[in-house]
There are 2 protein chains.
Amino acid sequence: MPANGEARARPASIRDVARLASVSHQTVSRVLNEHPSIRAETRQRVLDAIRTLDYRPNPAARALASSRTNLLGILSATVGEYGTTSAIVAIERAARERGYSISTLNLPDSTPAAIGEAVRLLQHEQVDGIIVLAPQVRVYNVIGGLGLTVPVVSLQTSTGGDAESVAADQMLGARMAVEHLIGLGHSDVLHIAGPQDWIEAESRMRGYLDAMFEADLPALPPIRGDWTADFGHFAGRELSARRDITAVFAANDLMAIGLMHGFREAGARVPDDVCVIGFDDIPVAAHIWPTLSTVRVDFAELGRRAVTHLLAIIDRQDAPVFEMLRPELIVRESTTRRATRP
Amino acid sequence: MPANGEARARPASIRDVARLASVSHQTVSRVLNEHPSIRAETRQRVLDAIRTLDYRPNPAARALASSRTNLLGILSATVGEYGTTSAIVAIERAARERGYSISTLNLPDSTPAAIGEAVRLLQHEQVDGIIVLAPQVRVYNVIGGLGLTVPVVSLQTSTGGDAESVAADQMLGARMAVEHLIGLGHSDVLHIAGPQDWIEAESRMRGYLDAMFEADLPALPPIRGDWTADFGHFAGRELSARRDITAVFAANDLMAIGLMHGFREAGARVPDDVCVIGFDDIPVAAHIWPTLSTVRVDFAELGRRAVTHLLAIIDRQDAPVFEMLRPELIVRESTTRRATRP
DNA sequence: AATTCGAATGTGCACGTTCACATTACTCGA
DNA sequence: TCGAGTAATGTGAACGTGCACATTCGAATT
């Protein structure tokens with residue numbers, strides 16, 4: 001009969017709990033994992049012992065024995081962007097609420113080698129699933145070709161079939177923006193697109209093209225940007241020479257803001273000479289001058305859906321099918337009704 | 001001699017490597033952990049076997065055996081803010097480069113209960129160290145009172161002694177901003193501060209007060225904001241009635257931008273009627289109208305330092321002592337020289 | 001050639017959990 | 001009253017690594 005009055009250095013283990021509750025360690029394990037065949041009175045005794053000892057199962061041991069880690073990997077390419085950041089925060093919250101931890105991995109670049117290495121690293125950490133927030137076509141191609149065994153859910157893919165449920169209808173959002181401009185009487189609407197490889201860039205451009213086509217207006221060749229305000233700034237200065245353009249739909253708010261800056265420097269007034277609308281509704285959009293019209297997407301909700309979806313796959317349940325998230329048009333000063341042409 | 005042509009379901013273990021290299025598993029372990037007493041030829045044989053089998057040590061097993069996880073916890077309160085986000089990305093990169101993974105935990109609120117629970121959660125994940133990005137005095141008090149065994153490094157603490165080396169000199173930054181305004185001839189400078197509990201808010205306010213005092217100017221009672229552009233907007237409308245104020249130093253860019261919005265709505269022109277300077281240099285600051293003067297802090301460098309510092313503590317080495325990071329004053333349109341008073 | 005000592009390597013167990021299987025307790029019907 | 005069948009619990013062995021200790025090897029010293 002060992003004297004047990006000593007101060008314990010180590011945290012309590014499952015066997016300590018078992019001893020205190022006068023059961024076997026396996027019974028404790030059953031209580032923890034909600035096995036059905038446990039007498040209510042026994043369960044209570046175990047739970048009491050757990051509380052008394054402030055016992056928490058050791059995740060490393062659990063992972064080793066069960067090869068389940070309760071860890072979700074986030075593979076991201078573009079942290080710093082507003083949308084990505086919001087989504088990540090939401091994912092982390094949602095995951096914690098369900099007992100999962102998050103391991104983030106930010107891609108240094110999106111070469112196939114880097115992507116492959118990143119995925120291998122996450123896989124090696126034995127994550128139970130991966131959420132991909134790297135909306136570049138290339139990334140999906142690489143990951144698809146890797147023959148992974150861990151489930152992967154990606155935000156904003158519009159290429160595959162099943163990932164649709166974790167996407168916002170960006171094409172629709174872009175259409176809403178462009179149709180809004182057309183509704184104001186603009187017929188010469190230019191699009192500043194995102195980089196070629198980006199899925200979101202493609203969807204938004206597609207929305208632009210569709211809206212123009214349906215309104216029977218000639219679509220202008222889009223300009224490829226890189227999402228940054230600096231690029232928008234540059235483009236604005238270049239474009240101000242072209243008097244034929246009366247409205248611009250920029251693929252994100254940062255480029256829209258830079259664009260307005262460029263216009264301003266060149267003497268073109270927004271919205272009087274040219275209207276500008278962005279995409280994302282970043283927090284400053286409502287406060288800059290002129291306040292920026294834009295399209296809002298609930299990135300946080302997207303993140304939560306990704307977690308729900310992924311956990312369903314992990315637990316081999318049917319993943320709930322969501323409709324694509326509907327963006328919201330936010331009209332502000334940068335697209336007020338312009339004087340109709342004489 | 002076992003036939004080994006079978007397809008393996010499980011990844012290779014340390015014993016598989018040992019068998020292939022004709023050594024004991026312990027020798028493999030020594031090679032992995034860079035034990036000095038290994039014959040070069042043996043090491044090479046082991047390394048070859050590792051490459052052949054694409055072996056990677058199992059983190060869960062390693063954590064269980066050594067109770068070291070190679071995991072760093074990030075406790076954050078304010079993701080979404082530009083500075084925090086930049087720092088987190090940098091931390092993650094720096095940590096990965098040194099073989100550590102990151103577990104992020106975003107505080108839902110900063111009540112002592114939530115903080116305690118968060119820290120306990122991280123501790124229970126057996127993180128080797130924690131980086132705190134929750135610059136509220138309260139948070140440190142709670143954590144300090146917890147008697148933690150894992151090393152904690154926090155960004156931007158100015159209360160304790162040793163954490164100084166992972167901080168930017170925000171007080172200096174604030175002084176630079178205010179002295180800049182004073183240099184332009186302003187004597188009635190108002191400060192829009194951050195929330196009371198925030199260390200950064202206090203440092204920036206202190207810088208304001210010091211600069212005013214040294215210039216022999218009366219410091220106006222600061223207004224407490226909440227970091228958001230919306231608050232700045234509100235404050236701007238309120239303040240525009242006060243004609244005595246000719247310059248405002250806002251504790252961050254978002255409030256500065258909102259403030260300019262409020263002024264604009266009330267008919268006060270920036271910088272002609274009132275100058276505004278912010279803090280952070282968020283990406284849009286250079287592109288809004290008027291372009292925003294501000295103070296730039298290298299948050300990414302701060303994050304890298306935090307990692308360096310923390311790993312040194314974990315490895316029981318002397319932590320390198322950095323000087324506080326020096327902020328940089330960025331002068332733009334919002335604080336151009338104003339007409340001197342008649 | 002024997003002795004010594006450090007370098008190089010091997011052996012077995014511990015870490016804390018889950019899994020497969022074994023055992024005991026209880027319920028119900030004949 | 002007994003057996004069958006299921007509910008409830010227990011036993012021992014993994015999982016893959018690091019640690020403490022034991023052993024062997026080799027060269028230098030006497």
Side-chain angles (χ1 to χ4, degrees), chain A residues 8-47 49-50 53-71 99 101 123-126 128 314-315, chain B residues 8-47 49-50 53-71 99 101 123-126 128 314-315:
Chain A
R8 316 195 102 272
R10 280 197 307 281
S13 83
I14 200 173
R15 290 177 196 267
D16 297 323
V17 175
R19 201 174 312 127
L20 184 59
S22 313
V23 295
S24 73
H25 63 109
Q26 177 60 10
T27 299
V28 178
S29 174
R30 288 201 180 90
V31 170
L32 290 172
N33 298 305
E34 286 165 0
H35 187 96
S37 303
I38 293 280
R39 206 150 39 107
E41 192 250 347
T42 309
R43 185 201 320 282
Q44 195 51 53
R45 224 167 55 230
V46 170
L47 290 177
I50 287 176
L53 297 175
D54 190 28
Y55 164 77
R56 307 202 191 194
N58 180 317
R62 177 176 285 204
L64 182 58
S66 67
S67 57
R68 274 201 51 172
T69 50
N70 278 26
L71 227 195
S101 296
Q123 200 168 217
H124 168 249
E125 282 181 30
Q126 298 189 271
D128 291 338
I314 290 173
D315 297 335
Chain B
R8 314 195 105 272
R10 278 197 310 282
S13 85
I14 199 172
R15 288 175 198 271
D16 298 323
V17 175
R19 200 174 312 128
L20 184 59
S22 311
V23 294
S24 74
H25 74 272
Q26 178 59 10
T27 298
V28 178
S29 174
R30 289 200 180 91
V31 171
L32 291 172
N33 299 305
E34 286 166 359
H35 188 97
S37 303
I38 292 281
R39 204 149 41 106
E41 191 250 346
T42 310
R43 184 201 322 283
Q44 195 51 53
R45 224 167 55 230
V46 170
L47 290 177
I50 287 175
L53 297 176
D54 189 27
Y55 164 76
R56 305 203 191 193
N58 180 318
R62 180 176 285 209
L64 182 58
S66 67
S67 57
R68 276 202 49 172
T69 50
N70 278 24
L71 228 193
S101 295
Q123 200 169 216
H124 169 249
E125 284 181 28
Q126 296 188 272
D128 292 338
I314 290 174
D315 297 335

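Order of the sequence lines sets the chain letters (A, B, ...), proteins ahead of strands, with each chain counted from 1. Heavy atoms only: backbone and side chains are in, while hydrogens, waters and symmetry mates are out.
A straight line from NE2 of His124(B) to C1' of dG16(C) spans 11 Å, rounded to a whole angstrom. A straight line from CD of Glu125(B) to P of dG16(C) spans 18 Å, rounded to a whole angstrom. We find that CG of Leu32(A) is positioned 15 Å from C1' of dC19(C), with the value rounded to whole Å. Straight-line distance from the CG atom of Leu64(A) to the P atom of dG18(D): 12 Å, rounded to whole Å. Per the geometry, CD1 belonging to Ile38(B) stands 14 Å off C1' belonging to dC25(D), to the nearest Å. Here dT17(C) presents its C1' atom at 13 Å from CG of Asp16(A), a figure rounded to the nearest Å. Between the P atom of dT17(C) and the CG atom of Asn33(A) lies a distance of 11 Å, rounded to the nearest Å. Taking atom CD1 of residue Ile14(B) and atom P of nucleotide dT11(C), one finds them 14 Å apart after rounding to whole Å.
Phosphate proximity of dC15(C) to Asn58(A): absent, as no side-chain N or O sits under 4.0 Å from OP1 or OP2. Taking only side-chain nitrogens and oxygens, Arg30(B) never comes nearer than 4.0 Å to OP1 or OP2 of dT9(C). Under 4.0 angstrom from either OP1 or OP2 of dG10(D) there lies at least one side-chain N or O belonging to Thr27(A). Phosphate contact (OP1/OP2 of dA8(C), side-chain N/O of Ser37(B), threshold under 4.0 Å): present. Distances shown here put every side-chain N or O of Arg39(B) at or beyond 4.0 Å from the OP1 or OP2 atom of dA7(C). OP1 and OP2 of dT9(D) both lie 4.0 Å or more from every side-chain N or O belonging to Ser24(A).
Positionally, the nearest nucleotide of DNA chain D for Arg15(A) lies more toward the 5' end than for the other of Arg15(A) and Arg62(B). For the pair Ala65(B) and His35(A), nearest-nucleotide mapping onto DNA chain D gives the more 5' position to His35(A). Each of Ser29(A) and Arg43(B) has a nearest nucleotide on DNA chain C; the 5'-most of these lies closest to Arg43(B).
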side-chain contact (heavy atoms from CB on, under 4.5 Å) evaluation trace for Val46(A) with Ile38(A)
CA-CA 11 Å; Val46(A) 170; Ile38(A) 293 280; over 6 Å; no
Val31(A) vs Thr42(A), test: side-chain contact (heavy atoms from CB on, under 4.5 Å). Steps then yes/no.
CA-CA 9 Å; Val31(A) 170; Thr42(A) 309; 5.8 Å; no
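For a distance-only test at 3.5 Å, the side chain of Arg68(A) fails to qualify as a donor-acceptor partner of the base of dT17(C).
Listed nucleotides dT17(C), dG16(D), dG12(C) differ in distance to His25(B); the shortest reach to its side chain belongs to dG12(C). You'll find that the side chain of Gln26(B) is closest to dC19(D), out of dG16(C), dT18(C), dC19(D). Comparing dG16(D), dT11(D), dT9(C) against the side chain of Thr42(B) picks out dT9(C) as the nearest.
Taking 4.5 Å as the limit, every side-chain heavy atom of Pro59(A) sits out of range of all side-chain heavy atoms of Arg62(A). Side-chain atoms of Leu20(A) and Tyr55(A), non-hydrogen and from C-beta on, never get closer than 4.5 Å to each other.
Dense packing is recorded around CD of Glu41(B), with more than 12 heavy atoms of other residues, nucleotides or ligands lying under 6.0 Å away.
Comment: Arg68(A) engages Asp315(A) in a salt bridge, judged by a side-chain N to carboxylate O separation of less than 4.0 angstrom.
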